[in-house]
There are 2 protein chains.
Amino acid sequence: MAAEPFAIVEEKAEEAKPLRADAQRNRDRLVEVAAAVFAERGIDASLEEIARRAGVGIGTLYRHFPTREHLVEVVYRREVEALCAAAGELAQKHPSDVALEQWMQRFVDYIATKRGLATSLRILLTTNSTLFSDTSGRVSQALRQLVEAAVAEGTIRGDVDASDVLHALFGIYSAPDTPEWRDRSRRLVSLLMDGLRFGAAKSARA
Amino acid sequence: MAAEPFAIVEEKAEEAKPLRADAQRNRDRLVEVAAAVFAERGIDASLEEIARRAGVGIGTLYRHFPTREHLVEVVYRREVEALCAAAGELAQKHPSDVALEQWMQRFVDYIATKRGLATSLRILLTTNSTLFSDTSGRVSQALRQLVEAAVAEGTIRGDVDASDVLHALFGIYSAPDTPEWRDRSRRLVSLLMDGLRFGAAKSARA
DNA sequence: CACTAAAACGGAGGCGCCTCCGTTTATTAC
DNA sequence: GTAATAAACGGAGGCGCCTCCGTTTTAGTG
């Protein structure tokens, strides 16, 4: 099951063809650097800067990502994936209610970095509807996993489900974009958790 | 009521301040040229080409229209306005049913030039919701005027109103973007008119 | 008319986008 | 190992974006 020369499907590649070693290296590097640069300069950051910082030529960037949108999409998907993967890790390391709370705080942090980009991102998400449904599906799945575990273990009340919580988070997301947004949102998550813990079966089975 | 030196509101200016003569001239020129260039090269046409063709410097273009969107918006509004103004003119020159038909054909022509730009325009219209409501309101008002006149004169049947016709036109608009779109749409308008004329009170009062 | 202040002009310059293609590098075959 | 070839690299070059500021034009005033 390791890397066989004739393996039809291999572990790393997204879909079809195996990339040459240097190509794969550069591609990974570009995505990583792009995430950093987009975060610090916004979604309109210079692609030439990204290439420069990644130590590759601009031509290489364009070969891997023919348009800015391609690059943004890959970065975005990667970040959503990391956010969702964190759900599993948190669930292992903490009691179920704490895992849920920490994940929601992380969700807030994640959204915070996207706030300024709202318009551009919204355009991307409406233009590319697959991206939207893929990622929002993935996020609510992660949340459901956490909520259901917490309900099953009795660390939060039983009369709510994942979509209730998702609604609450959506409220946070669509709050106006003031400077205090982040702090306010963190407090709202705490508040929400207090509400969720209230009336829970006190005995966690874990 | 003519041009008084101290007139508080004057005829030409859109809103507040009277432009200097050369400024007004250049602005008008730019809008006119921009309409032509957008039509022939698409909404992403070079702004430098527009300035060049209008015989002004690029700086002048940017002073009048700080972003591409500003320019596009003004051009778009102007075209919608022309389309709507045509309703009144047609109504004077032709019997009411003919006026309606010709206006709808012109509507089709107008949409035809916008087809390729669909994505960019849709973004603009969703980003700038005032633009959307202003213009769509204006268009349906023009249509209503024509339909009601034709119904009143008995040149089309009495059991339809403007919103029915608008619905029909919307169907044309959202038809897939094939090469035959224009011809097909013209035929659809004819078809629609035949249906509208069927059962009309034969005696037009005009 | 001349004079002046304010408004408008316009294009050079700096930067980013993106393509194209000569050069380099990884891989495969021997 | 070497050779061959396909893949990938990278940056120069051409074009467009947009700002900035020295120059020109207009509208007012006497």
Side-chain angles (χ1 to χ4, degrees), chain A residues 3-7 10 12-34 37-38 40-75 120 123-124, chain B residues 3-7 10 12-34 37-38 40-75 120 123-124:
Chain A
E4 293 275 322
F6 292 98
E10 10 89 346
K12 260 298 171 64
E14 297 290 310
E15 239 164 38
K17 48 205 151 181
L19 239 37
R20 223 171 76 173
D22 54 346
Q24 183 68 51
R25 213 182 314 130
N26 282 334
R27 193 190 149 85
D28 292 348
R29 193 84 213 291
L30 278 168
V31 174
E32 194 161 350
V33 170
V37 175
F38 284 145
E40 98 186 32
R41 299 238 203 244
I43 211 170
D44 290 327
S46 157
L47 298 185
E48 305 214 310
E49 175 174 358
I50 292 174
R52 222 177 300 129
R53 281 216 225 170
V56 305
I58 185 66
T60 299
L61 186 153
Y62 274 94
R63 197 164 338 93
H64 285 297
F65 309 101
T67 70
R68 171 183 296 273
E69 281 66 37
H70 281 253
L71 180 55
V72 173
E73 174 173 346
V74 171
V75 168
S120 312
I123 288 172
L124 182 65
Chain B
E4 292 275 320
F6 291 99
E10 10 92 345
K12 260 300 172 62
E14 299 286 310
E15 236 161 42
K17 48 205 152 179
L19 240 38
R20 224 173 74 174
D22 54 345
Q24 183 69 51
R25 212 183 314 132
N26 281 334
R27 187 177 208 282
D28 292 348
R29 193 83 213 291
L30 278 168
V31 173
E32 193 160 353
V33 170
V37 176
F38 284 146
E40 99 187 30
R41 299 237 203 246
I43 212 170
D44 289 327
S46 158
L47 297 186
E48 306 215 309
E49 175 175 358
I50 293 174
R52 222 177 299 128
R53 282 216 223 170
V56 305
I58 184 66
T60 298
L61 186 152
Y62 274 94
R63 197 165 335 94
H64 285 297
F65 309 101
T67 69
R68 171 183 295 275
E69 282 66 38
H70 282 252
L71 180 55
V72 173
E73 175 173 345
V74 171
V75 169
S120 312
I123 288 172
L124 182 66

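The analysis underlying the following values was restricted to heavy atoms, covering all of them including side chains, and did not include hydrogens, waters or symmetry mates. Just so it is clear: chains get the letters A, B, ... in the order the sequence lines come, proteins before strands, and each one is counted from 1.
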Open item on the list: What contact category does A:R63 fall into here, base, sugar-phosphate, or nothing, at under 4.0 angstrom with non-hydrogen atoms?
Closed with: base

- [ ] Map B:P66 and B:R52 onto DNA chain D by nearest heavy atom, then report which one ends up closer to the 5' terminus.
- [x] B:R52

Task: Those residues that, when tested against B:E49, pass salt bridge (Lys or Arg N to Asp or Glu O under 4.0 Å) (two or more places apart) - done: B:R41, B:R53

Side-chain atoms of residues 59-69 of chain B: list all donor-acceptor pairs with protein atoms under 3.5 Å, sequence neighbours left out, distances to 0.1 Å.
unit_1, atom_1, unit_2, atom_2, d
B:T67, OG1, B:E69, N, 3.3
B:T67, OG1, B:H70, N, 3.2
B:R68, NH1, B:I43, O, 2.9
B:R68, NH1, B:A45, O, 3.0
B:R68, NH2, B:A45, O, 3.1

Task: salt bridge (Lys or Arg N to Asp or Glu O under 4.0 Å) partners of B:R52, counting only residues at least two apart - done: none

TODO: Could you pull out the closest heavy-atom pair between B:V72 and B:L124, with the gap in Å?
DONE: CG1-CD2, 3.6 Å

TODO: List the steps and the verdict of side-chain contact (heavy atoms from CB on, under 4.5 Å) for A:L19 and A:R27.
DONE: CA-CA 10 Å; A:L19 239 37; A:R27 193 190 149 85; 3.8 Å; yes

Task: From CG (B:L30) to CD1 (B:I50), nearest 0.5 Å - done: 8.0 Å

Task: Outermost DNA chain C nucleotides near chain B [under 4.0 Å, heavy atoms] - done: C:dA6 to C:dA12

Open item on the list: Below 4.0 angstrom, which residues in residues 43-50 of chain B have at least one non-hydrogen atom near DNA chain C?
Closed with: none

Open item on the list: From NZ of A:K17 over to C1' of D:dA6, roughly how many Å is that when rounded to an integer?
Closed with: 14 Å

TODO: At under 4.0 Å between heavy atoms, which parts of nucleotides 25-30 of chain D does protein reach? Answer with one letter per nucleotide, 5' to 3': B base, S sugar-phosphate only, - none.
DONE: BBS---

